[in-house]
Amino acid sequence: MPGVVLVGAQWGDEGKGKATDLLGSRVDYVVKFNGGNNAGHTVVIGDEKYALHLLPSGILSPGVTPVIANGVVVDIEVLFQELDDLISRGVDVSRLLVSGSAHVIAGYHRTIDKVSERFLGKRRIGTTGRGIGPAYADKINRVGIRIWDLFDEKILAEKIEGSLDQKNHLLVKVYNRRAITVDETVAELLQYADRLKPMVADTALELNKALDAGKNVLFEGGQATMLDVDHGTYPFVTSSNATAGGALTGSGVGPTRISSVIGVIKAYTTRVGEGPFPTELFDANGEYLLKQGGEYGVTTGRARRCGWYDSVIARYATRVNGITDMVLTKLDILTGFEKVPVCVAYDVDGVRYDEMPLDQTAFHHAKPIYEELDGWWEDISGARTFEDLPTNAQRYVLALEEMSGTRISAIGVGPSRDAIIPRHDLIH
């Protein structure tokens with residue numbers, strides 16, 4: 001196979017880490033192409049639970065080369081914290097490659113992220129405060145710092161000075177904070193340079209050579225479709241392209257290298273942060289999904305907002321990503337409901353929308369139109385074939401498949417590594 005892209009098809013937290021881990025034994029490279037440490041992937045292997053934030057999930061698969069590509073923004077302190085944690089647990093991290101063209105999150109990015117979010121008050125976006133947005137803003141404004149810059153102290157100091165010139169005016173005069181010095185930022189970043197240098201590479205060249213050699217490359221997206229800066233629920237989005245197109249610009253490979261796109265989607269819907277969420281539940285059912293699903297952010301610990309499955313969003317994600325296969329996760333959490341509502345369309349001021357309204361006002365006022373499907377009571381956590389599922393669970397999956405516009409090729413029925421039902425080959 002050439003390259004395979006794996007993306008979230010909702011607002012994140014769909015279980016992309018589990019899906020990546022499922023494919024880990026069949027790929028040679030796993031590439032993180034966007035975002036930073038503002039998202040988390042949880043992978044359960046036996047009795048061990050791993051929470052990854054910046055590192056690609058493929059770092060847990062023996063023999064796989066994990067890559068942090070150019071589209072990522074890197075908090076180097078967090079990078080080494082994660083690496084040290086894995087090393088202490090006996091995980092081999094020696095294969096990790098980091099793009100020299102990836103941008104660096106400095107301390108002043110985190111500071112600006114936090115104070116500006118507080119300054120917005122009720123208009124806040126709901127960021128994680130990790131400096132991701134300000135780092136991407138500097139990248140677009142051409143005052144960013146790249147990994148390569150850490151190996152030339154003079155260039156590094158000049159770039160930091162240029163970046164801080166305007167920021168310090170903002171910090172002091174608007175946010176009433178102290179100015180940040182060039183020297184303290186240089187010292188903050190240079191302390192990691194020697195340890196980081198052996199990992200740094202021209203990863204775009206490495207990946208293209210790997211594809212030329214017939215290697216299998218999995219491109220793993222951070223965040224998800226509805227948080228994409230262009231195609232998500234703007235302005236309540238992340239600062240990068242979390243859709244399949246972002247895999248190309250975020251890693252330096254061309255579109256002809258991609259053979260399939262895998263979308264990961266929950267059997268219900270969750271969202272973290274601010275912004276409209278048509279199927280959000282504010283009742284006992286929402287509380288049940290929160291508690292039973294363990295819906296708390298891996299990175300922030302924040303409780304996730306929970307709602308029923310939204311097929312409008314699923315169809316939209318299928319379209320904008322070109323999804324060829326879906327991995328449906330957490331089907332087991334729906335066990336015990338007599339009826340399971342599924343959103344099939346929206347009502348916006350009396351007008352029916354079968355497709356995603358891109359007008360922010362329309363989406364904000366969208367009310368879900370539900371179709372109720374029969375639930376099931378049987379424990380499905382031990383199911384390993386589609387036929388093992390209760391009839392109503394099978395019908396639920398088939399209904400979602402028809403509504404979502406692409407085939408459901410694997411079904412998650414529990415948190416463990418093997419709690420998965422394969423239906424179709426994900427690699428083709």
Side-chain angles (χ1 to χ4, degrees), residues 1-8 16-17 19-41 43 50 52-76 78-80 82-83 86-87 91-105 132 139 146-148 150 192 195-223 240-242 244-255 257-262 427:
M1 77 171 190
V4 171
V5 179
L6 186 142
V7 295
K16 295 183 290 296
T20 302
D21 184 61
L22 174 66
L23 296 166
S25 63
R26 302 180 63 188
V27 300
D28 301 293
Y29 289 76
V30 174
V31 184
K32 180 164 183 171
F33 62 81
N34 79 296
N37 58 306
N38 55 333
H41 290 170
V43 179
Y50 298 89
L52 304 175
H53 305 279
L54 181 58
L55 292 168
S57 299
I59 201 163
L60 297 171
S61 301
V64 168
T65 299
V67 177
I68 294 175
N70 59 275
V72 178
V73 287
V74 181
D75 186 319
I76 307 172
V78 170
L79 173 65
F80 286 125
E82 287 194 32
L83 287 173
L86 293 181
I87 291 168
V91 177
D92 177 16
V93 301
S94 62
R95 290 175 173 265
L96 177 66
L97 297 178
V98 180
S99 172
S101 298
H103 280 245
V104 174
I105 298 174
I132 279 76
K139 177 178 180 176
R146 301 198 300 173
I147 295 287
W148 296 123
L150 271 62
Y192 303 108
R195 186 179 177 188
L196 182 64
K197 194 167 188 177
M199 307 174 190
V200 177
D202 180 346
T203 57
L205 177 62
E206 174 81 16
L207 293 172
N208 277 282
K209 283 184 174 181
L211 290 164
D212 288 342
K215 301 289 187 182
N216 298 333
V217 181
L218 178 65
F219 299 87
E220 174 190 43
Q223 291 81 46
S240 61
N241 288 113
L248 308 178
T249 54
S251 63
V253 303
R257 299 292 200 171
I258 305 303
S259 64
S260 59
V261 178
I262 300 169
I427 296 180

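Keep in mind that this is a model prediction, so the values were computed, not measured. When a residue number appears, it is its place in the shown sequence, counting from 1.
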| said: Using the salt bridge (Lys or Arg N to Asp or Glu O under 4.0 Å) criterion, which residues pair with Arg195? Sequence neighbours excluded. | reply: Asp84

| message | Quick check for you: to the nearest 0.5 Å, what is the distance between Leu150 atom CG and Lys197 atom NZ? | response | 10.5 Å

| query | Are any non-hydrogen side-chain atoms of Ile147 and Val104 less than 4.5 angstrom apart? | reply | yes

| request: Could you pull out the closest heavy-atom pair between Ala242 and Gly222, with the gap in Å? | output: CB-O, 3.3 Å

| Residues in side chain to side chain contact (heavy atoms under 4.5 Å, CB included) with Val64, at least two apart? | Val27, Val30, Ser61

| message | Please give me the minimum heavy-atom distance between Val261 and Ala244, naming the atom from each residue. | response | CG1-CB, 4.0 Å

| Leu54 and Val72, any side-chain heavy atoms less than 4.5 Å apart | yes

| query | Does Asn208 reach the side chain of Val253, with side-chain heavy atoms less than 4.5 Å apart? | reply | yes

| Heavy-atom pair with the smallest gap, counting every atom of Pro2 and Arg257 | CB-O, 2.8 Å

| said: If you define the side chain from C-beta out and look only at heavy atoms, does anything of Phe33 sit under 4.5 Å from Leu248? | reply: no

| Hey, which of Leu52, Leu96, Val31 is the one that makes side-chain contact (heavy atoms from CB on, under 4.5 Å) with Pro66? | Leu96

| With sequence neighbours excluded, residues passing side chain to side chain contact (heavy atoms under 4.5 Å, CB included) with Glu206 | Tyr29, Leu97

| remark: Distance col, row Ser251:OG vs Ile68:CD1, nearest 0.5 angstrom, shows 13.5 Å

| request: Applying salt bridge (Lys or Arg N to Asp or Glu O under 4.0 Å), name anything that partners Arg146, two or more places apart in sequence or on another chain. | output: none

| Set of residues satisfying side-chain hydrogen bond (donor to acceptor under 3.5 Å, both in side chains) with respect to Ser99, sequence neighbours excluded | none

| note | When rounded to the nearest 0.5 Å, the distance separating CE of Met199 from CG of Leu79 is 6.0 Å

| Glu82 (side chain) donor-acceptor with His53 (main chain) under 3.5 angstrom | yes

| said: Test of understanding: with side-chain hydrogen bond (donor to acceptor under 3.5 Å, both in side chains), list the residues that count as partners of Asn241, not counting sequence neighbours. | reply: Asp228, Asp230

| note | Heavy-atom closest pair (Ala210 atom, Val217 atom, distance to 0.1 Å) is CB-CG2, 4.5 Å

| Are side-chain heavy atoms of Leu86 and Leu60 found at a separation under 4.5 Å? | yes

| request: Report the distance from atom CD1 of Ile132 to atom CG of Asn37, rounding to the nearest 0.5 Å. | output: 4.5 Å

| remark: Separation between OG (Ser240) and NZ (Lys139), nearest 0.5 Å, reads 8.5 Å

| Close side-chain approach of Phe219 to Ile258, heavy-atom, < 4.5 Å | yes

| request: Ignoring hydrogens and angles, tell me if any N or O in the side chain of Lys16 forms a donor-acceptor pair with the backbone of Gln223 under 3.5 Å. | output: yes

| In a check of side-chain contact (heavy atoms from CB on, under 4.5 Å) between Val67 and each of Thr203, Val98, Ile59, which one passes? | Thr203

| task | Not counting sequence neighbours, which residues clear side-chain hydrogen bond (donor to acceptor under 3.5 Å, both in side chains) with Asp202? List them please. | result | none

| message | Could you tell me if the side chain of Asn216 sits less than 4.5 Å from the side chain of Leu23, heavy atoms only? | response | no

| said: A side-chain contact here means heavy atoms from C-beta on lying under 4.5 Å apart; do Ile105 and Val78 qualify? | reply: no

